[in-house]
Amino acid sequence: MNNNLKEQVLRSSGVNVLKCMRCGKCSGTCPSYDEMEYHPHQFVYMVEKGDIETLMNSKSIYKCLTCFACVDRCPRNVEPAKVVEAVRLATIRKQGNNHLIADNIPEMLDEDLPQQAIVTAFRKYTK
Amino acid sequence: MQRIGVFVCHCGTNIAATVDVKAVAEALSHEPGVVISQEYQYMCSEAGQNLVKDAIKEYGLTGVVVCSCSPRMHENTFRKAAAAAGLNPYLVEIANIREQCSWIHKEIATATEKAVILGKAAVAKVHLNTPLTAGESPVAKRALVIGGGIAGIQTALDIAEAGFEVDIVEKEATIGGKMAQIDKTFPTLDCAACILTPKMVEASQNEKITIHSYSEVSAVKGFVGNFTATIKKKKRFVDETKCTGCGLCTEACPMKKVPNAFNLGLNNRSAIYIPFAQAVPKVATIDPNYCLKLRKGDVNDKVCGKCAEACTVGAINYHQQDEYIEQKYGAIVVATGFNPIKLDKYDEFAYNQCPDVVTSLELERLMNAAGPNGGTLLRPSDKTHPHKIVFVQCVGSRCDDSKGKPYCSKICCMYTAKHAMLIREKYPDTEVYVFYIDVRTPGKNFDEFYRRAVEQYNVHYIKGMVGKVTPKADGTIDVQASDLLSNEQLHIDADMVVLATAIEPDQTARPLATMLTTQMDTNDFFTEAHAKLRPVESATAGIFLSGACQGPKDIPETVAQASAAASKAIGLLVKDSITCNPCVAHSNELMCNGCSACEKVCPYGAITYQDKEFRMPDRTIAIRRVAGVNPAVCQGCGACTVACPSGAMDLNGFSNSQIMAEVDAICK
Amino acid sequence: MQEAIISKAKQLLADGTVNRVIGWKKGEFAYDITPAIFESAEEIDADFVYDDFTSANVSKYLVKESKKEGKVLAFLKPCDTYSLNQLTKEHRVKRENIYVVGIPSDGKLDAEKIKAKGITGITGVEKDGDTLKISTIYGEETMPVAEAMSNKCLSCKSKKHVTYDELIGEDGEVIDSNRFGMVEELENMTSQERYDFWRNELSKCIRCNACRNVCPACTCENCVFDNPDSGVQNKAAADSFEENMFHIIRAFHVAGRCTDCGECSRVCPQNIPLHLLNRKFIKDINSLYGEYQAGADTTSRAPLNDYTQDDCEASIVHERGVE
Amino acid sequence: MNTFTYYPGCTLRTKAKDLDVYARSSAEALGITLEEPENWQCCGGAYTTAKDEIATKLSAVRTLNAAKEAGRPLITVCSACHNVIKQTNYDISNDEEMAAKVNNYLKLDEAYIGETTVYHYLEMLRDVVGFDNLKKKVVNSFKGKKIAAYYGCLLLRPSKALAMDDPENPSIMEDFIKAIGGTPVIYAQRNECCGGYITMEDKAQASKRSAKVMDSAQEQGADIIITACPLCLYNLKKNSGSDLPVYYFTELLAEALGLKEANNE
Amino acid sequence: MQVNENKEFQPLIVAFCCNWCSYAGADLSGTNRLNYPTNVKIIRVPCSCRVNPMFILRAFQKGADGVILCGCHPGDCHYTSGNYFTRRRMTLLFSMLDFLGIERDRTRVEWVSAAEGAKFAATMNEFTEAVKKLGPNRRLEDLRCRKQ
């Protein structure tokens with residue numbers, strides 16, 4: 001259990017994980033569920049336990065679509081997507097941990113890809 | 001010279017853990033007039049009370065101050081103890097050093113300091129207390145029950161049984177309430193109608209009971225023992241005394257496309273209707289929003305009139321008007337019940353998008369023999385048998401999201417188990433899934449009942465919540481949910497989805513609470529006088545609570561509470577008179593100006609004026625107009641005391657000088 | 001005017017309509033006019049005075065007078081009729097025992113203002129258009145009428161009689177006065193400035209009770225400040241707080257009942273602008289609960305004994321004006 | 001009241017010119033003046049929910065403040081820009097700490113605390129123009145066309161901040177479709193994410209998501225699908241493997257108003 | 001009022017609470033162990049309309065630094081209409097105190113129901129803080145009561 005990391009995630013997300021009643025609706029609604037190793041309800045629970053590093057090292061943090069379905073549908077107003085984002089930021093803010101590297105971009109592009117996709121990817125996966 | 005006794009309670013550690021009770025007793029012993037200051041572990045215990053009684057006798061106390069829990073808790077206890085020892089009960093004051101001191105503060109030094117100050121204020125006040133004698137006021141021997149569901153019916157029957165007149169006011173066209181709409185009951189699986197309708201009939205036949213159906217309480221005045229209620233009998237356009245309930249009119253009515261409210265809109269009825277076969281009173285009612293004639297606005301118009309033609313007894317009256325009845329009551333029982341919440345904000349479950357997503361109450365109607373499908377469970381959309389049904393628990397309950405309710409609706413776990421079981425029993429080829437967060441089954445034979453659903457009927461209970469319900473083009477419904485135990489996201493191709501919808505108090509409860517000056521909690525459930533010890537009384541004397549208006553309840557609990565409320569009401573009604581609150585206003589005639597300011601602000605009309613002869617200081621006789629308070633009518637709010645400019649009007653138990661003394665003691 | 005009043009008084013006494021008259025007579029000085037009871041034409045001829053110094057509102061005297069045998073005649077200026085109406089509404093006078101003759105008023109003079117000009121030994125005054133001719137033991141002096149006018153008359157709110165049995169002269173109209181100007185000025189000051197202003201004014205109070213004794217709304221059988229059970233009994237302010245207490249409570253007790261007759265300030269020997277406290281309440285009542293003029297009628301409900309469900313909250317005080 | 005500050009956003013200047021061009025010409029035809037603020041910056045495309053990220057929120061605040069200074073409501077048309085700007089505005093109005101930090105950074109003459117009203121172009125059609133009025137101006141009706149509205153996630157959620165429509169059963173785009181004469185097709189996936197954000201990260205997932213959306217619309221019999229988001233359009237067209245035509249709603253609007261050569265076959 | 005040299009100023013707050021709603025709300029905040037400062041001392045009155053302006057002035061006179069009056073929510077008065085009168089009386093009284101230059105934050109009316117224990121505690125915390133910021137009540141006190 002890493003208290004500093006937990007503190008950081010809680011502060012950064014602004015989420016009170018103790019409000020969770022373990023209903024699992026977030027995971028029931030998540031469109032990326034099958035791509036994730038850890039699911040939204042697990043993010044909330046594991047952050048509560050302080051098991052942040054496991055999450056930071058999981059690919060799951062890049063699978064969240066930030067579609068806010070879990071945020072809107074959570075009956076307890078927990079906002080799991082914000083927890084996922086806070087964990088992802090905890091990872092990519094570390095030196096050299098950018099998930100997207102500028103040099104790799106050109107090969108990902110096609111002529112129709114909107115700027116938006118690149119900008120968002122940068123915003124979400126780099127620091 | 002005053003001889004005051006101070007008694008400081010430890011309340012076990014409730015007070016003693018944060019307040020140095022010995023120091024409080026010691027500090028208060030030096031207050032003027034205090035002749036004895038003691039502390040004891042539990043002052044409210046018999047031994048504690050004896051301490052107070054003995055001290056009153058031994059020291060000839062003229063006043064008692066108890067530093068303990070809230071006066072709302074034990075003021076009466078200590079007043080009675082004082083009275084038993086021969087001291088006027090109103091010479092007792094309570095310093096609230098538990099709820100308003102030890103429980104909210106942590107630091108012993110400051111909490112003790114505050115407790116001493118609160119004690120000093122009580123001592124200062126008790127110095128000015130005067131012996132008060134309570135007056136008496138007569139009790140009207142009639143009860144009003146508001147709401148005619150199972151709670152109201154049970155309460156009325158019990159009160160009538162004790163020999164008192166009871167009026168039931170029901171806003172719908174029939175009594176019966178929600179229970180009349182329910183198919184079977186848990187955990188015995190009796191047919192609800194079979195056990196309810198005899199009670200409805202009993203109520204209608206009991207000569208002590210008057211049922212005002214299709215009526216509302218529009219005003220309530222007065223106070224315990226002496227309420228006056230105005231009942232509005234809404235125009236139903238049918239003369240209740242003539243109608244025989246034969247139903248010819250409903251057949252004759254050409255307007256047949258009215259959503260049937262009793263079946264929750266799952267089928268249609270005619271514009272003139274009898275809600276259901278066993279309705280009480282079995283009298284027709286015209287729905288003016290759909291009636292071809294009444295909708296026209298001009299009843300003299302020659303439109304339709306088929307029902308009047310069909311009626312053999314001439315009961316139809318298109319000119320009927322609302323009728324108001326005023327009646328005196330000694331006690332009022334609130335039994336306004338509940339409703340499922342609206343699901344507008346929960347469309348991730350597609351309730352508004354798919355007819356085959358229904359609420360549990362709708363399922364009751366779908367499964368009921370008197371329901372839209374005659375008791376065969378069919379999908380509302382295409383009237384086919386569903387083969388896979390998904391139940392979703394806690395829809396709108398246990399929420400903290402402004403859309404739902406923060407509380408557990410309590411009845412859903414059990415009725416869902418019932419539904420699941422009944423479906424599996426009747427249609428073994430149907431798969432039933434229940435998505436739950438927790439299965440809550442506290443109650444006699446409840447958990448056993450739920451286990452039977454799982455073990456005997458093989459209902460699939462899945463721990464997890466449904467996230468999204470998607471109606472598909474082929475008529476099936478994709479239910480996407482999490483299965484928390486197997487850690488996977490499931491997709492179930494269901495034929496029907498049933499939502500265990502949260503329940504909320506009826507909309508009429510809030511304005512009624514205002515009328516009755518009773519308190520409600522933030523969810524609009526009526527607040528009981530004490531959560532544990534007075535669960536069926538409201539804090540307002542003479543108003544009792546029956547059924548789900550006080551909190552979510554199942555039928556046995558509702559009936560139990562209904563009978564409890566009845567017994568409390570009976571306890572009041574058997575008295576010929578009740579002891580009034582002696583803390584009422586009184587006017588010092590020598591100082592009264594006769595200006596009428598007090599009369600204007602009195603909500604009870606307790607103040608009247610008369611011209612009285614007074615001998616003036618110069619020995620002349622003067623006739624002056626002075627105010628007098630009727631102590632049986634005054635409730636002791638004190639509005640008049642502030643309206644009075646000369647200070648002639650004062651309040652027993654909370655006099656100007658007493659409150660000033662408290663202020664001084666606190667601020668010293 | 002004096003002749004007309006005197007002859008009316010004599011006539012009503014003679015024909016038995018009334019059996020006594022409440023009027024005024026001279027005191028020690030020419031400008032020192034005080035209310036008095038007259039029971040015969042002889043007494044009237046001897047002492048009855050009505051002139052430009054005759055300010056005193058006799059309504060309050062009617063509390064006692066109207067309860068005696070027979071009928072009493074009272075000459076009331078427009079502002080006085082509001083007081084009488086208010087007293088009638090509060091059952092403090094027996095209106096049926098009073099014969100009211102409404103008299104017009106074009107404003108009364110304040111002797112202090114004349115004296116402030118260095119004019120002393122006043123023996124009489126006469127208005128000549130806008131000029132006031134003052135005869136003194138030292139000879140005649142003049143000054144503009146407006147400068148000698150009593151403050152309460154400078155902000156006159158009505159020339160209309162709201163109750164009378166008979167009128168001398170024509171009745172006037174309710175007029176649009178600028179009576180809240182000073183209240184507004186104070187409201188626009190900072191809290192500290194307001195405090196300083198009032199501390200300066202109220203600290204002058206000597207608790208002579210003149211304001212209370214003259215006030216037609218202060219007719220309590222027994223004033224709360226004389227009542228040992230009230231907890232605020234005191235004869236004289238022992239401390240700055242008690243001056244505040246006395247004047248706040250007095251203003252609060254007459255709030256919604258004060259007709260703004262201005263007598264409190266007129267009689268204050270220390271010239272404390274006490275009417276501003278009353279006007280503040282009147283202004284607040286008008287703006288928060290709708291226009292209300294105490295004494296305008298005898299049936300309306302006093303604003304403090306009334307309410308609506310959507311009255312503003314007390315926090316409105318925080319939301320407006322200068323902190 | 002018919003002049004608005006208009007924020008196009010970067011994608012509308014390049015890959016999503018259609019969205020922009022038709023939005024402008026239609027607005028003009030509807031009597032709405034759109035004024036573009038000078039020197040606007042890219043909104044960043046995605047809103048960072050982290051409370052300790054301030055820098056990424058500044059460009060949105062600059063835009064909001066420009067509208068405030070112009071004394072006009074702000075209109076956006078790209079779903080992503082709208083989402084970022086609306087969330088920023090919501091947080092700055094409701095989170096004092098964040099507002100303080102942002103204002104410390106920006107050092108504006110007057111602190112920005114959420115004064116600007118933000119409309120999506122669709123909201124402008126609904127609340128300012130009115131769908132009834134729009135209906136009257138339609139020259140080329142889409143009568144008989146079954147049109148599926150794709151909201152995606154950005155227009156509706158988080159609903160507290162976006163507050164545009166019922167997040168689970170929205171109707172604004174369906175009402176728009178009815179106004180231009182078409183028949184709206186309701187399908188379950190209309191408010192589920194197409195996987196746009198993840199396009200560069202995980203093509204497979206984006207394909208899966210967008211296919212699901214397209215299939216759902218097609219299953220309910222849609223002829224075409226409309227959206228307000230360039231990334232959705234790209235994803236649904238490119239990655240779904242479906243041949244259901246996808247258009248910007250503004251293109252249909254312009255066509256309905258007769259501002260585009262009718263290409264109804 | 002207690003001023004210790006090394007300690008921060010501790011204001012004395014007098015709270016008048018109606019028996020039916022606010023006093024019960026205060027009890028509930030106790031039952032739920034919701035803390036608020038010891039500065040607050042509650043005086044129980046049957047209804048907020050029992051509170052005479054004289055009580056409030058008296059409290060200030062004797063050294064209170066803030067006075068708060070709590071009653072049932074408008075419409076929910078146990079006595080039907082008491083709090084409506086309270087609302088008018090206190091609005092005018094507070095306006096007058098403001099007019100006399102007394103700091104606005106020393107007086108307050110708050111409606112607290114019997115169910116609002118949390119609101120009661122929060123209100124008391126807030127009010128105490130606000131009065132703390134103002135410092136000791138100097139403008140409306142009886143100098144003889146001033147503690148050294």
Side-chain angles (χ1 to χ4, degrees), chain A residues 10 13-49 51 54-55 57-84 87, chain B residues 341 343 345-351 390-409 412-413 433-440 461-470 478-492 494 497 499-502:
Chain A
L10 291 179
S13 65
V15 166
N16 178 3
V17 287
L18 295 174
K19 294 183 77 159
C20 174
M21 65 165 164
R22 324 261 185 254
C23 72
K25 194 174 180 187
C26 47
S27 291
T29 204
C30 180
S32 289
Y33 188 98
D34 290 340
E35 331 298 325
M36 291 172 126
E37 175 188 7
Y38 296 105
H39 306 116
H41 74 278
Q42 288 172 295
F43 268 85
V44 175
Y45 185 53
M46 287 163 78
V47 167
E48 188 191 322
K49 283 200 303 179
D51 190 3
T54 314
L55 293 173
N57 295 326
S58 162
K59 285 259 177 291
S60 303
I61 54 177
Y62 305 109
K63 301 297 178 188
C64 169
L65 303 168
T66 328
C67 74
F68 287 111
C70 55
V71 171
D72 251 35
R73 290 169 190 162
C74 173
R76 303 291 309 164
N77 211 2
V78 176
E79 308 183 309
K82 293 189 178 177
V83 176
V84 178
V87 175
Chain B
I341 63 165
L343 289 178
K345 290 172 183 162
Y346 287 95
D347 243 16
E348 63 266 36
F349 300 123
Y351 177 75
V390 171
F391 286 86
V392 186
Q393 297 292 82
C394 300
V395 176
S397 297
R398 307 169 68 186
C399 286
D400 184 30
D401 60 357
S402 79
K403 295 190 285 194
K405 303 290 173 185
Y407 49 84
C408 165
S409 294
C412 328
C413 284
Y433 298 83
V434 178
F435 283 92
Y436 70 95
I437 305 171
D438 305 285
V439 178
R440 296 179 167 179
Y461 269 79
I462 301 170
K463 178 159 172 61
M465 188 68 178
V466 172
K468 173 97 181 171
V469 172
T470 308
D478 176 47
V479 178
Q480 178 183 311
S482 65
D483 178 342
L484 292 176
L485 296 181
S486 68
N487 207 9
E488 60 183 324
Q489 195 176 58
L490 302 178
H491 284 269
I492 295 176
V497 174
L499 306 176
T501 313

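If you're wondering where the values come from, they're calculated on a predicted model, not measured in any experiment. Just so it is clear: chains get the letters A, B, ... in the order the sequence lines come, proteins before strands, and each one is counted from 1. Note: hydrogens, waters and symmetry copies are ignored here, and every other heavy atom, side chains too, is used.
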Report summary line: Looking only at B/Lys468, B/Glu348, B/Lys403, the option with the highest number of non-hydrogen pairs under 4.5 Å against chain A is B/Glu348
Report summary line: Max heavy-atom pairs within cutoff under 4.5 Å with chain A, candidates B/Asp483, B/Asn487, B/Val479, B/Leu490, goes to B/Asn487
Query raised in the report: Is B/Ser482 reaching over with its side chain to a backbone N or O of A/Gly24, donor-acceptor style, under 3.5 angstrom?
Result: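 Judged by distance alone, yes, a pair lies under 3.5 Å.
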Query raised in the report: Counting distance only, does the side-chain N/O of B/Gln489 pair as donor-acceptor with the main-chain N or O of A/Ser27 below 3.5 Å?
Result: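 Flag set: sc B/Gln489 to bb A/Ser27 pair under 3.5 Å.
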Got a second to check how far [X]'s [atom1] is from [Y]'s [atom2], nearest 0.5 Å?
X	Y	atom1	atom2	value
B/Leu484	A/Gln42	CG	CD	8.5 Å
B/Glu488	A/His39	CD	NE2	9.5 Å
B/Asp400	A/Lys19	CG	NZ	3.5 Å
B/Arg398	A/Cys23	CZ	SG	8.5 Å
B/Cys399	A/Asn77	SG	CG	10.0 Å
B/Phe349	A/Arg73	CZ	CZ	9.0 Å

Query - OH (B/Tyr407) with more than 12 external heavy atoms under 6.0 Å - result: yes
**Report entry** B/Lys463 NZ: over 12 foreign heavy atoms closer than 6.0 Å
**Finding:**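 Enclosed.
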**Report entry** Test salt bridge (Lys or Arg N to Asp or Glu O under 4.0 Å) applied to A/Arg76 and B/Asp401, step by step
**Finding:** CA-CA 6 Å; A/Arg76 303 291 309 164; B/Asp401 60 357; over 6 Å; no
Requested in this report: Begin from the C-alpha positions of B/Asp438 and A/Met21 and carry the test side chain to side chain contact (heavy atoms under 4.5 Å, CB included) through to its verdict.
Outcome: CA-CA 10 Å; B/Asp438 305 285; A/Met21 65 165 164; 6.0 Å; no
Query raised in the report: Side chain, backbone, both or neither: which part of A/Cys74 has an atom under 4.5 Å from a heavy atom of chain B?
Result: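 Answer is backbone: N, CA, C or O of A/Cys74 sit under 4.5 Å from chain B.
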